[in-house]
Amino acid sequence: MEIADIAMASMSMSAAKLQASASIAVTKSAMETQEAVAAQLLEMLPSPPGLGQHVDVRA
């Protein structure tokens, strides 16, 4: 194997690593955005009156 082949392989591996890191960062950002949207939607839901005050023990 020649020096040029080793250098080319190294550059290819480095580019693949950079692409994977960027992809993970974008995915993480999208997940955080969706988490915030879900939290806002849950806050908008009305809670039924009396929720959690009574327990049905007859089964």
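Source: prediction; values computed, not measured.
- Between the S12 side chain and the M8 main chain, a donor and an acceptor come within less than 3.5 Å of each other.
- Although no hydrogens or angles enter the test, the distance criterion places a donor-acceptor pair under 3.5 Å between the side chain of T33 and the main chain of S29.
- No donor-acceptor pair closer than 3.5 Å links the side chain of S10 to the backbone N or O of I6.
- With values rounded to the nearest 0.5 angstrom, Q34 atom CD is found 9.5 Å from L41 atom CG.
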